Engineer: 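Below is a structure I'd like to ask you about.
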There are 2 protein chains.
Amino acid sequence: MSLPHPLPEALVELIAQRFRIIGEPMRIRLLDRLRDGEASVHELTEALDASQQNVSKHLGVLHGAGIVGRRKDGNRVLYAIADESVLELCEGVCGGLQRQLSELNDLLDGVTR
Amino acid sequence: MSLPHPLPEALVELIAQRFRIIGEPMRIRLLDRLRDGEASVHELTEALDASQQNVSKHLGVLHGAGIVGRRKDGNRVLYAIADESVLELCEGVCGGLQRQLSELNDLLDGVTR
DNA sequence: CAGTAGCACAACTATCTAGTTGTGCAGTTG
DNA sequence: CAACTGCACAACTAGATAGTTGTGCTACTG
């Protein structure tokens, strides 16, 4: 376990902010789509059936946090995942939820027996 | 990589919600304190210099999400971490931030040379 | 070059939620 | 038993932010 203890306040804020950034369904959807590879705002707009301004806004947040990278190509801007560890965090959440589910299942099994 | 792709919408919402729950500094602080072991609302209130109602409220959210467990002891209620994977998520964030920092450092090194 | 496409920024609004104030119930104690 | 402690719930407010509307700049094209 490499997590400092007690957590310094600055780190608490950083960690919390990071979670808040990815605690938004639209941003997770964007990241999920970007797993297929680099995409333009326009492509993402169509893929997610959202407005261009909205997609651009969310991508701005992800870019500001260093989670996605961006490059220009003519009048298009292409985004790609820059920080894969964010997907690992999603995996971690899924793992944790799975664990909780199976614990619940064990409980329910105990009840029905 | 065990993360489903594409992510089902229900899973997107679950993941996002999970991140939002821990995207709150006070909740991270509570979890950090609970790393020392089980504690009552009163103890947590004093440790974090917050109001009892506020602490109780946040603990309620964490408990609802299965992140902390709770047991009664007389007129005291004791909380403990029930889902350690949440701390692993924090570690993951720290690891990711560290990676970003060192990439930035590499960039700055390149500039100063 | 005029018109079009692509994108990010500004301004606005509705919604959500953290923090606060107030309250009442359960448990403890003298 | 009355007074106190501990805690969770309700109600309220201020602030943050997602989504939307509007806009203007850059790049492309016929």
Side-chain angles (χ1 to χ4, degrees), chain A residues 9 12-34 37-80 82 86, chain B residues 9 12-34 37-80 82 86:
Chain A
E9 186 57 28
V12 168
E13 301 281 348
L14 277 176
I15 292 171
Q17 186 192 37
R18 199 81 165 167
F19 284 133
R20 279 201 302 278
I21 286 173
I22 50 180
E24 187 50 49
M26 180 57 76
R27 289 183 203 138
I28 296 183
R29 283 187 215 109
L30 284 168
L31 291 169
D32 193 43
R33 174 58 184 71
L34 289 174
E38 199 178 43
S40 71
V41 180
H42 183 73
E43 284 171 294
L44 292 165
T45 290
E46 299 201 317
L48 300 193
D49 196 30
S51 78
Q52 174 267 315
Q53 291 95 322
N54 194 254
V55 166
S56 177
K57 189 172 179 176
H58 283 299
L59 288 170
V61 174
L62 291 171
H63 182 244
I67 295 174
V68 295
R70 156 211 270 178
R71 70 178 177 99
K72 277 199 162 185
D73 177 26
N75 62 356
R76 297 190 316 155
V77 181
L78 299 166
Y79 286 85
V86 163
Chain B
E9 185 57 31
V12 168
E13 302 281 348
L14 276 177
I15 292 171
Q17 186 191 38
R18 199 83 163 164
F19 283 135
R20 279 201 302 280
I21 287 173
I22 50 182
E24 188 49 51
M26 179 59 73
R27 289 184 203 135
I28 296 182
R29 282 187 217 112
L30 285 168
L31 290 170
D32 194 40
R33 173 60 184 69
L34 290 173
E38 198 178 42
S40 70
V41 180
H42 184 72
E43 283 171 297
L44 292 166
T45 291
E46 299 201 317
L48 300 193
D49 196 31
S51 77
Q52 173 267 314
Q53 293 94 323
N54 193 254
V55 167
S56 177
K57 190 172 180 177
H58 283 298
L59 287 170
V61 173
L62 290 171
H63 182 246
I67 295 174
V68 296
R70 154 212 271 179
R71 70 178 177 95
K72 276 200 165 186
D73 178 26
N75 62 355
R76 297 190 318 155
V77 181
L78 299 165
Y79 285 86
V86 164

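Residue numbers start from 1 in every chain, and the chains themselves are labelled A, B, ... in the order their sequence lines are given, proteins ahead of strands. All values below come from the heavy atoms of this structure, side chains included, with hydrogens, waters and symmetry mates left out. Since the model is a prediction, treat every value here as computed from it, not as a measurement.
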Engineer: Taking only the side-chain nitrogens and oxygens of B:R70, find out if one of them lies under 4.0 Å from OP1 or OP2 of D:dA8.
Structural biologist: yes
Engineer: Expressed in angstrom and rounded to an integer, what is the separation of A:L59 atom CG from D:dA18 atom P?
Structural biologist: 13 Å
Engineer: Got a second to check how far B:L34's CG is from B:I67's CD1, nearest 0.5 Å?
Structural biologist: 11.5 Å
Engineer: Quick one: the side chain of B:E24 and the base of C:dA18, do they pair up donor-acceptor inside 3.5 Å?
Structural biologist: no
Engineer: Identify whether the distance between the nearest side-chain nitrogen and carboxylate oxygen of A:E24 and A:R29 falls below 4.0 Å.
Structural biologist: no
Engineer: B:R27 side chain N/O closer than 4.0 Å to the phosphate oxygens (OP1, OP2) of C:dA18?
Structural biologist: yes
Engineer: CG of B:L30 versus C1' of D:dA8: gap in Å, rounded?
Structural biologist: 15 Å
Engineer: Between atom NZ in B:K57 and atom P in D:dA11, what is the gap in whole Å?
Structural biologist: 12 Å
Engineer: Hey, can you tell me if B:F19 and A:F19 have their rings parallel, tilted or perpendicular (30° and 60° cut-offs)?
Structural biologist: parallel
Engineer: I'd like to check A:V12 versus B:D32 (side-chain heavy atoms, cut-off strictly below 4.5 Å). Are they in contact?
Structural biologist: no
Engineer: Round to the nearest Å and state the distance from B:H63 atom NE2 to D:dC9 atom P.
Structural biologist: 11 Å
Engineer: From the options D:dA8, C:dG19, C:dA8, select the nucleotide whose nearest atom is closest to the side chain of A:V77.
Structural biologist: C:dA8
Engineer: Return the nearest nucleotide to the side chain of B:Y79; candidates are D:dG19, C:dT20, D:dA8.
Structural biologist: D:dA8
Engineer: Ignoring backbone atoms, test whether B:H58 places a side-chain nitrogen or oxygen under 4.0 Å from the OP1 or OP2 oxygen of C:dG19.
Structural biologist: yes
Engineer: Quick one: B:F19 CZ to C:dT17 C1', roughly how many Å, whole number?
Structural biologist: 20 Å
Engineer: If you round to the nearest 0.5 Å, how far is OG of A:S40 from CD of A:Q52?
Structural biologist: 10.5 Å
Engineer: Is the closest side-chain heavy-atom distance between A:I22 and A:R27 below 4.5 Å?
Structural biologist: no
Engineer: Taking CD from B:E13 and P from D:dA18, how many angstroms apart are they, rounded to a whole number?
Structural biologist: 14 Å
Engineer: Find which nucleotide of DNA chain D each of A:R20 and A:N54 is nearest to by heavy atoms, and output the residue with the more 5' nucleotide.
Structural biologist: A:R20
Engineer: Which of the following nucleotides, D:dG19, D:dC7, D:dA8, is nearest to the side chain of A:M26?
Structural biologist: D:dG19
Engineer: Walk me through it: do A:Q17 and A:E13 pass the test side chain to side chain contact (heavy atoms under 4.5 Å, CB included)?
Structural biologist: CA-CA 6 Å; A:Q17 186 192 37; A:E13 301 281 348; over 6 Å; no
Engineer: Could you state the CG-P distance from B:D49 to C:dT20, rounded to the nearest angstrom?
Structural biologist: 10 Å
Engineer: Using a cutoff of under 3.5 Å, can you pull out all pairs of nitrogen or oxygen atoms linking the protein to nucleotides 27-30 of chain D, with atom names and distances?
Structural biologist:
from   : atom 1 : to    : atom 2 : distance (Å)
D:dA27 : O3'    : A:N75 : N      : 3.4

Engineer: Could you tell me the separation between the CD atom of A:Q53 and the C1' atom of C:dA10, rounded to a whole number of Å?
Structural biologist: 11 Å
